[in-house]
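To start, the structure under review is shown below, and the notes come after it.
Per chain, numbering begins at 1; letters A, B, ... match sequence-line order.
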Amino acid sequence: MIDPAILRTNPDLLRESQRRRGESVELIDELVAADVAKRSAQAAFDELRNQQKVLGKQIGPLQGALKKVTDDAARAAAQAEVDALMTQAQSLSDQVKEAERAASEASERLDALWLQVSNIVNMDSPVGGEEDFAVVENVGTPRDFDAEGFAPRDHLELGELLGAIDVERGAKVSGSRFFYLTGPGALLEIALLNLAMSQATAHGLIPMITPSLVLPSAMEGTGFLGQAAENVYRIEQDDMYLVGTSEVPLAGYHADEIIEADRLPLRYAGWSSCYRREAGSYGKDTRGIIRVHQFDKVEMFVFCRPEDAEAEHARLLSWEREFVDALEIPYRVIDVATGDLGSSAARKFDMEAWIPTQGTYREITSTSNTTEFQARRLRIRMRDESGTRPLATLNGTLCAMPRIIVALLENHQQADGSVVIPQALRPFLGGREVFTPAP
RNA sequence: GGAGGUGUCGCCUAGUCCGGUCUAUGGCGCCGCACUGCUAAUGCGGUUUGGGUUUAUCGCCCAUCGCGAGUUCAAAUCUCGCCACCUCCGCCA
């Protein structure tokens, strides 16, 4: 949700943001009208309610006094007075109820519209759709397998050769897009987890293991029930959702809280399974584990002052790069275009790893500055000298297991199908230097 | 899953039986001011959150007693549903 004051002071900013996203500009006009309607309905109710309270305050004492009157004539007079007030109060009560109904309807209409508005884009984000990203930097050099004299195997072939990945049995047990990590594959994930967490704690992030099943409020608050809703698993029987990222439980962690400014920034590294329906991606990435319904991920999440958010965003990106650098994987960083930001992000940087057998870069991390958007929806505020106000939240992938494993296997493979383990990972694999094909 | 109990403005707490000066009591903490060599102590005032009104200050109005409905002229208080926590029982990795 966006600061409602912007609607009154600078609606054109909202219109421009919607335009850049390729979303409805008319929505802002509806919003302006609904905002006016809501305020006037609320004011009408407030006024009537005030009258009702004033009247109510006269009735109580009068009724008390009535009991003490002994003189018959005086009693009748007092009774008449009470009756008159009661009559008045009764008709007022009907009006109050009607005004209250109107006010709450107007308020719900306004809220419903607000929920449709995506975050205001950062004006530095490249404008356009998925293909209109800007490349920020290329890091590392893809290997020249021709020069090395062999054709690279893809990650699935390598994974099966090493006894590390089993998608066939994944499909047998859970259907397509599910997999097992076996033997060295399982050890590799655990090592990656440990490397990620040791880096995260070295930077002062608080390690977290989070719920992966959440209430609708957490899902809605993080903005995943908008355009992204079709990719979310819902447990209908209990009205809960499986999270697609621990961003959801980490953001929700401080919902409804007011955090003292001197505790900020609060930085977390959450570990959880992630579930994605991958609706509408039939036929895409059907081979291997690039696109799966369930995987594990270490996600960074930050709560900070809004004025620090951009610097914090740069910091998250630098930590993502540090991790991928340590794994010696070639990659590029892209500045995601406005049409591809998702509803919550004002700006987003993705890291894309070079995948030799695809001859292209594929997304392995993503870091978003969601400014105050999620904090407003989740009612997370901070308190400093100037009072109480929403804070900013940011998130970034530290290690999404399947895609890191894909990049690792493909980029570090050797002609005989073995895979060299990057130096940084070896301490977490008992000093092992290479994975070799199972006999 | 069953039975019982609890939920009040940062923390603790009064109020709930029996609806109306509850404009929610008191303490702690915190903020401001005063007093005082300094500190401490003391005194006075302030201290939930959100919205509206106001150029702004001051102020005024509305909502908010776990959440939501209901009864009533009027709900912290009565009724119903839900949620969370605690105790006991049952079941369970």
Side-chain angles (χ1 to χ4, degrees), chain A residues 1-9 31-69 78-115 209 211-221 235-241 249 252-264 266 273 372 374-391:
Chain A
M1 188 160 292
I2 295 160
D3 184 355
I6 292 177
L7 187 67
R8 289 168 219 161
T9 57
L31 213 46
V32 169
D35 183 55
V36 170
K38 184 254 175 181
R39 273 185 295 156
S40 84
Q42 183 66 42
F45 165 70
D46 285 356
E47 171 58 25
L48 282 169
R49 181 72 172 139
N50 183 29
Q51 288 178 28
Q52 185 185 40
K53 285 173 80 163
V54 168
L55 205 53
K57 273 179 194 139
Q58 297 170 24
I59 292 174
L62 270 179
Q63 281 185 331
L66 189 59
K67 288 176 189 147
K68 293 177 188 136
V69 178
Q79 185 65 55
E81 194 181 348
V82 170
D83 289 348
L85 282 177
M86 278 294 206
T87 310
Q88 209 182 331
Q90 268 164 25
S91 87
L92 197 52
S93 173
D94 291 340
Q95 293 177 56
V96 167
K97 283 196 178 98
E98 172 57 24
E100 182 172 27
R101 196 192 52 75
S104 77
E105 266 180 24
S107 173
E108 278 168 30
R109 214 163 27 240
L110 181 63
D111 290 346
L113 286 172
W114 268 123
L115 285 178
I209 297 176
S212 43
L213 209 48
V214 302
L215 298 171
S217 56
M219 217 61 184
E220 177 124 294
I235 310 295
E236 198 162 340
Q237 191 174 0
D238 298 288
D239 195 19
M240 294 189 81
Y241 294 93
Y253 188 67
H254 288 297
D256 292 307
E257 294 181 18
I258 299 173
I259 299 169
E260 296 300 332
D262 60 16
R263 291 179 61 203
L264 299 174
L266 280 170
S273 290
E372 299 161 37
Q374 291 178 333
R376 282 182 191 281
R377 289 178 164 219
L378 293 165
R379 297 163 307 279
I380 308 171
R381 288 157 294 173
M382 54 172 278
R383 179 158 38 215
D384 65 5
E385 320 75 50
S386 62
T388 304
R389 59 192 166 111
L391 43 67

Paired nucleotide for [N] [Watson-Crick or G-U wobble; both distances under 3.5 Å]:
{"N": "B:G81", "answer": "B:C67"}
{"N": "B:G59", "answer": "B:U53"}
{"N": "B:C28", "answer": "B:G10"}
{"N": "B:U23", "answer": "none"}
{"N": "B:U42", "answer": "B:A34"}
{"N": "B:C91", "answer": "none"}
{"N": "B:A76", "answer": "none"}

For [N] and [M], measure between their [atom1] atoms and round to the nearest Å.
{"N": "B:G45", "M": "B:C58", "atom1": "C1'", "value": "16 Å"}
{"N": "B:G29", "M": "B:G90", "atom1": "P", "value": "46 Å"}
{"N": "B:A34", "M": "B:G27", "atom1": "P", "value": "23 Å"}
{"N": "B:C17", "M": "B:G7", "atom1": "P", "value": "14 Å"}
{"N": "B:G66", "M": "B:A84", "atom1": "C1'", "value": "7 Å"}
{"N": "B:C89", "M": "B:U47", "atom1": "P", "value": "48 Å"}
{"N": "B:C65", "M": "B:U77", "atom1": "C1'", "value": "10 Å"}
{"N": "B:A14", "M": "B:C28", "atom1": "C1'", "value": "15 Å"}

Which whole-number value in Å describes the distance from [X] [atom1] to [N] [atom2]?
{"X": "A:Met1", "N": "B:G50", "atom1": "CE", "atom2": "P", "answer": "15 Å"}
{"X": "A:Asp262", "N": "B:C30", "atom1": "CG", "atom2": "C1'", "answer": "13 Å"}
{"X": "A:Leu55", "N": "B:U72", "atom1": "CG", "atom2": "P", "answer": "17 Å"}
{"X": "A:Gln95", "N": "B:U72", "atom1": "CD", "atom2": "P", "answer": "18 Å"}
{"X": "A:Glu260", "N": "B:C11", "atom1": "CD", "atom2": "P", "answer": "12 Å"}
{"X": "A:Arg383", "N": "B:G29", "atom1": "CZ", "atom2": "C1'", "answer": "13 Å"}
{"X": "A:Arg39", "N": "B:G50", "atom1": "CZ", "atom2": "P", "answer": "18 Å"}
{"X": "A:Glu100", "N": "B:G51", "atom1": "CD", "atom2": "P", "answer": "19 Å"}

Original post:
How would you list, by chain and number, every residue that makes a side-chain contact (heavy atoms from CB on, under 4.5 Å) with A:Ala89, sequence neighbours excluded?
Top reply: A:Leu55, A:Ile59

Original post:
Residues two or more places apart in sequence or in another chain: which of them pass side-chain contact (heavy atoms from CB on, under 4.5 Å) with A:Arg376?
Top reply: A:Met1, A:Asp3, A:Pro4, A:Glu372, A:Pro390

Which pair of heavy atoms, one from [X] and one from [Y], lies closest together, and at what distance?
{"X": "A:Tyr241", "Y": "A:Pro216", "value": "CE1-CA, 3.6 Å"}
{"X": "A:Ala261", "Y": "A:Met382", "value": "CB-CE, 4.0 Å"}
{"X": "A:Leu378", "Y": "A:Gly252", "value": "CD1-N, 4.2 Å"}
{"X": "A:Ile259", "Y": "A:Leu391", "value": "CD1-CD2, 4.1 Å"}

Please write out the pairs of protein N or O atoms and N or O atoms of nucleotides 61-68 of chain B separated by less than 3.5 Å, giving the distance to one decimal.
unit_1: B:C61; atom_1: O3'; unit_2: A:Asn50; atom_2: OD1; d: 3.1
unit_1: B:C62; atom_1: OP1; unit_2: A:Asn50; atom_2: OD1; d: 2.9
unit_1: B:C62; atom_1: O2'; unit_2: A:Asp46; atom_2: OD1; d: 2.7
unit_1: B:A63; atom_1: OP1; unit_2: A:Arg49; atom_2: NE; d: 2.4
unit_1: B:A63; atom_1: OP1; unit_2: A:Arg49; atom_2: NH2; d: 3.2
unit_1: B:A63; atom_1: OP2; unit_2: A:Lys53; atom_2: NZ; d: 2.7

Original post:
With sequence neighbours excluded, what pairs up with A:Arg389 under the salt bridge (charged side-chain N to carboxylate O under 4.0 Å, His left out) test?
Top reply: A:Glu307, A:Asp384

Subject >> Residues in salt bridge (charged side-chain N to carboxylate O under 4.0 Å, His left out) contact with A:Glu98, at least two apart in sequence or another chain >> reply: A:Arg101

N/O donor to acceptor pairs below 3.5 angstrom from side-chain atoms of residues 46-53 of chain A, sequence neighbours left out:
unit_1: A:Asp46; atom_1: OD1; unit_2: A:Gln42; atom_2: NE2; d: 3.0
unit_1: A:Glu47; atom_1: OE2; unit_2: A:Gln51; atom_2: NE2; d: 3.2
unit_1: A:Arg49; atom_1: NH1; unit_2: A:Gln52; atom_2: OE1; d: 2.7

Any side-chain N or O of [X] under 4.0 Å from OP1/OP2 of [N]?
{"X": "A:Gln52", "N": "B:A74", "value": "yes"}
{"X": "A:Ser93", "N": "B:A74", "value": "yes"}
{"X": "A:Arg8", "N": "B:G52", "value": "yes"}
{"X": "A:Arg381", "N": "B:G50", "value": "yes"}

Original post:
So which nucleotide from B:U49, B:G51, B:C73 ends up closest to the side chain of A:Thr388?
Top reply: B:U49

Original post:
Hey, which of these two, A:Arg389 or A:Lys97, hits RNA chain B nearer its 5' end, going by closest nucleotide?
Top reply: A:Arg389

Original post:
Across the strands shown, which category fits A:Leu92 at heavy-atom distances under 4.0 angstrom: base, sugar-phosphate, nothing?
Top reply: nothing

